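Just so you know, residue 1 is the first one in the sequence shown, and it goes up from there. All values reported here derive from a predicted model rather than from experimental measurement.
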Amino acid sequence: GLFGYTSGATITNLGIENANISISSSTTAQKDVNVGVLVGYGGTSTNITNCYTTGNINSLNNVNNNVYGGGLAGQHLTGTVKNCYSTVNVNIFAGGLVGTKNDGTIDNCYAEGNVTATSTSVSAQAGGLAGYLLGTGGTITHSYTTGNVVANGETAYASGLLGRALDSRAYNIKYNYSTGYAIANGS
């Protein structure tokens, strides 16, 4: 992404158009790689407001490590994502807006890109808004998705909003919707 790593950052009023990011297995020799058009890894207290992205994130070959991609951010820890959108098509373990979301807030955002996650060795997670939801608490409100979501793998998780949620009972998730289809193809 434009910013590989942020912590304590405030990013406002920024748009990236026609991005084209490709990931290969040589790029992902290590586990837990985070890829986003705007931010790869948004660390503690990263606030993103009034931003947008367009384009594509693709896997060039079968990437089997934990590569999390999001149209806006690959991973977003604490902080707020507000008044943002992404039309990026994402083709790795992914979310249309954020690949992995830990704690914090997503408010008044949308994602229109299609999301596809495929794996032969680890679970495939795909969500229209966020691919994987972690953490101890947060809020996701007033947001929507229109893209289609597909997860293919031995274990597959797919949803129009959130692909897989771990301990999501600590999240306040309300006033959101999705209009695209979601398909999980597990073995």
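- With hydrophobic clusters built from ILVMFWY side chains whose heavy atoms lie under 4.5 angstrom apart, Leu77 does not share a cluster with Val37.
- Here the closest non-hydrogen pair linking Ser86 and Leu72 is OG-N, 4.1 Å.
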From CA spacing to verdict: side-chain contact (heavy atoms from CB on, under 4.5 Å), Thr100, Leu134: CA-CA 7 Å; Thr100 301; Leu134 301 167; 3.6 Å; yes

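- Atoms OH and OG, from Tyr175 and Ser143 in turn, are 13.5 Å apart once rounded to the nearest 0.5 Å.
- Across Thr105, Asn172, Leu133, a single residue satisfies side-chain contact (heavy atoms from CB on, under 4.5 Å) together with Ile140, and that is Leu133.
- Both Val88 and Ile23 are assigned to one and the same hydrophobic cluster, defined by single-linkage of ILVMFWY side chains at heavy-atom distances under 4.5 Å.
- Between the CD atom in Gln125 and the OG1 atom in Thr155 there is a gap of 9.5 Å [rounded to 0.5 Å].
- Side-chain N or O atoms of Asn152 include none that pairs as donor or acceptor with a backbone N or O of Asn185 at under 3.5 Å.
- Of all heavy-atom pairs between Ala156 and Ala151, the closest is CB-O, 3.6 Å.
- Placement of Tyr5 and Leu2 in two distinct hydrophobic clusters is found when ILVMFWY residues are connected by side-chain heavy-atom separations under 4.5 Å, directly or transitively.
- The two atoms that bring Tyr177 and Leu161 nearest to each other are O-CD2, 3.7 Å, heavy atoms only.
- Nearest heavy-atom pair across Val150 and Ala126 is O-CB, 3.7 Å.
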Expected list for residues 38-48: side-chain donor-acceptor pairs under 3.5 angstrom, two or more places apart:
unit_1: Thr46; atom_1: OG1; unit_2: Thr6; atom_2: OG1; d: 3.0
unit_1: Thr46; atom_1: OG1; unit_2: Gly43; atom_2: N; d: 3.4
unit_1: Thr46; atom_1: OG1; unit_2: Gly43; atom_2: O; d: 3.0
unit_1: Asn47; atom_1: OD1; unit_2: Thr80; atom_2: N; d: 2.9

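- The two atoms that bring Lys101 and Ala130 nearest to each other are CB-CB, 4.5 Å, heavy atoms only.
- Taken from CD1 in Ile92 to OH in Tyr68, the straight-line distance is 10.5 Å, to the nearest 0.5 Å.
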His142 and Asp107: CA distance, side-chain angles, deciding distance, side chain to side chain donor-acceptor pair (under 3.5 Å) verdict: CA-CA 6 Å; His142 305 103; Asp107 181 46; 3.2 Å; yes

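- The distance from the SG atom of Cys84 to the CD1 atom of Ile11 is 9.0 Å, given to the nearest 0.5 Å.
- Taking OG of Ser123 as the reference point, atom CZ of Arg164 lies at 5.0 Å (rounded to 0.5 Å).
- Asn102 and Gln75 make their closest contact through OD1-OE1, 3.7 Å (heavy atoms, listed as atom of the first residue, atom of the second, distance).
- Just one residue in the list Ile106, Leu129, Leu162, Thr141 forms a side-chain contact (heavy atoms from CB on, under 4.5 Å) with Ile173, and that residue is Leu162.
- A distance-only check finds a donor-acceptor pair linking the side chain of Asn89 to the backbone of Asn114 [under 3.5 Å].
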Exercise answer: donor-acceptor pairs, residues 12-21 side-chain atoms, under 3.5 Å, sequence neighbours excluded:
unit_1: Asn13; atom_1: OD1; unit_2: Asn50; atom_2: ND2; d: 3.4
unit_1: Glu17; atom_1: OE2; unit_2: Tyr52; atom_2: OH; d: 2.6

